[in-house]
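Everything below concerns the one structure shown next.
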Amino acid sequence: LDPGFRTDRTAIAGVDLGLARYTPEQASRFYQEAAARVAALPGVAAVTWTSLLPLVHENDQESIVVEGYAPGRDETPMATFQVVGPGYARLMGIPMSEGREFTEQDGQDAPVAMINESLARRYWNGRAPIGGRIQVHDFTFTVVGIMKDVHLRNLTDAPAPTVFLAFNQIPKGMSLFSMKMLVRTTGSSAQLVPSLRAQLAELDPNVPLMGAGTLEDHPAALLTPQRHAASLMGWLGALALIIVAVGIYSTAAYEATRR
């Protein structure tokens with residue numbers, strides 16, 4: 001199954017600054033300096049951050065208010081949320097259907113958001129989403145881009161309506177302590193992992209480092225149950241063929257004995 005995003009030549013590493021008792025201001029500086037350090041490593045083509053790695057099943061839905069959308073009776077518009085850094089879509093190989101993705105120039109004075117095609121269809125229903133606004137709690141974001149639908153949560157369900165918030169302009173009051181770094185490499189991503197670990201540890205050895213490795217290995221591990229199920233079905237099919245063959249042989253032998 002094609003998830004719709006790239007997994008090749010991408011190293012990953014997760015950090016939890018909350019466990020290291022960082023303040024939001026300290027966390028922001030850590031993310032910026034960590035990205036700059038890793039970007040300077042040989043063989044690195046691009047670096048960004050994300051709050052969720054692909055194919056991780058987390059209940060991260062929130063209620064939203066979509067400008068111009070009138071909810072039905074007893075309906076609460078909902079969306080999955082993901083915080084991503086500039087260049088996320090390009091690094092992951094996810095095309096933009098309309099508009100643009102986040103850039104370093106997106107500042108606190110004009111909070112922006114990206115949405116996926118599923119959310120655009122569901123809550124804009126033919127209206128133009130670009131320039132529209134979404135409210136999350138007490139914060140309002142302007143839609144600047146629509147990302148193609150891909151299977152970021154799992155490979156079986158249809159993509160859920162998703163809002164992507166800009167990593168470098170999360171409003172005060174929205175904590176952001178657990179993030180995952182994505183690193184696109186020009187060569188082997190596995191060979192970069194030791195250097196990636198070293199840079200993050202050198203920046204602050206007290207920050208817990210979680211799941212450093214490659215994106216290729218990450219989905220492979222999460223898909224193991226599905227692969228086991230497919231393998232089991234294959235074995236069951238082979239067993240059924242053997243049973244049928246034994247039955248045919250037994251019948252033929254019995255008829256030969258009677259004759």
Side-chain angles (χ1 to χ4, degrees), residues 5-56 58 60 81-94 101-109 111-112 114 152 164-222:
F5 56 86
R6 292 180 59 178
T7 60
D8 64 305
R9 298 204 313 274
T10 304
I12 58 176
V15 296
D16 194 325
L17 303 184
L19 295 178
R21 301 184 181 278
Y22 269 55
T23 65
E25 292 75 18
Q26 290 172 327
S28 178
R29 288 195 296 271
F30 177 93
Y31 293 136
Q32 292 176 4
E33 186 169 349
R37 281 171 170 256
V38 174
L41 290 173
V44 171
V47 180
T48 194
W49 292 93
T50 177
S51 59
L52 288 174
L53 289 174
L55 305 179
V56 172
E58 291 190 14
D60 52 355
F81 277 82
Q82 185 170 342
V83 178
V84 300
Y88 171 81
R90 182 173 63 256
L91 189 152
M92 293 292 291
I94 304 174
E101 66 172 315
F102 302 141
T103 69
E104 297 288 354
Q105 285 67 48
D106 289 318
Q108 291 285 346
D109 56 331
V112 295
M114 297 186 295
L152 286 174
F164 299 89
L165 300 181
F167 161 77
N168 56 344
Q169 56 171 212
I170 292 298
K172 291 182 179 179
M174 294 180 70
S175 298
L176 193 62
F177 293 121
S178 180
M179 293 291 287
K180 290 79 180 172
M181 178 181 280
L182 300 171
V183 186
R184 169 71 61 190
T185 63
T186 56
S188 167
S189 55
Q191 291 181 1
L192 182 76
V193 172
S195 298
L196 174 57
R197 286 198 186 101
Q199 287 296 322
L200 295 176
E202 183 179 315
L203 183 57
D204 189 342
N206 296 316
V207 171
L209 183 60
M210 300 169 293
T214 69
L215 194 56
E216 283 182 302
D217 291 337
H218 169 69
L222 290 176

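Starting from 1, each residue takes its place in the sequence as its number. Heavy atoms only: backbone and side chains are in, while hydrogens, waters and symmetry mates are out.
For Asp8, the salt bridge (charged side-chain N to carboxylate O under 4.0 Å, His left out) partners two or more places apart in sequence, or in a different chain, are Arg6, Arg184. The ring-ring contact (aromatic ring centres under 6.0 Å, His included) search around Phe30 returns Tyr22, not counting sequence neighbours. Under the side chain to side chain contact (heavy atoms under 4.5 Å, CB included) criterion, Ser28 pairs with Gln32, sequence neighbours left out. Listed by chain and residue number, Glu25, Gln26 satisfy the side chain to side chain contact (heavy atoms under 4.5 Å, CB included) test with Thr23 (two or more places apart in sequence, or in another chain). With sequence neighbours excluded, the residues that form a side chain to side chain contact (heavy atoms under 4.5 Å, CB included) with Thr48 are Pro86, Tyr88, Leu91, Leu182. Every residue meeting the side chain to side chain donor-acceptor pair (under 3.5 Å) condition with Thr50, not counting sequence neighbours, appears here in chain and number order: Gln82. A search for side chain to side chain contact (heavy atoms under 4.5 Å, CB included) contacts involving Ala201 returns nothing, not counting sequence neighbours. Annotation: side chain to side chain donor-acceptor pair (under 3.5 Å) contacts of Asp106 (sequence neighbours excluded): Arg100.
Separation of atoms OG (Ser178) and CG (Asp16) is listed at 4.5 Å; rounding is to 0.5 Å. From Thr10, atom OG1 reaches atom CG of Asp217 across 11.5 Å, with rounding to the nearest 0.5 Å.
Across Thr185 and Ser188, no two heavy atoms sit closer than the pair OG1-C, 3.9 Å. Taking all atoms of both residues into account, the shortest heavy-atom contact from Ala39 to Val44 is CA-CG1, 3.9 Å. Scanning both residues, Leu196 and Ala13, for their nearest heavy atoms gives CD2-CB, 3.7 Å. In terms of heavy atoms, Pro54 sits closest to Leu215 at CD-CD1, 3.9 Å. What you find for Ser189 and Ala11 is that their closest heavy atoms are CB-N, 3.8 Å.
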Could you walk me through whether Val84 and Met92 pass side-chain contact (heavy atoms from CB on, under 4.5 Å), step by step?
-> CA-CA 11 Å; Val84 300; Met92 293 292 291; over 6 Å; no
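At least one donor-acceptor pair closer than 3.5 Å links the side chain of Gln169 to the backbone N or O of Val112.
Within the structure, every pair that satisfies the salt bridge (charged side-chain N to carboxylate O under 4.0 Å, His left out) test and touches residues 26-54, not counting sequence neighbours, is listed here: Glu33-Arg37, Arg37-Glu202.
Screening Thr7, Val193, Val183 against Thr214 for a side-chain contact (heavy atoms from CB on, under 4.5 Å) leaves a single residue, Val193. Across Leu209, Ile12, Val47, a single residue satisfies side-chain contact (heavy atoms from CB on, under 4.5 Å) together with Met181, and that is Val47.
Ring centers of Phe167 and Tyr31: under 6.0 Å apart, within the cut-off.
In this structure, Val207 and Leu200 have side chains that are not in contact, with every pair of non-hydrogen atoms separated by 4.5 Å or more.
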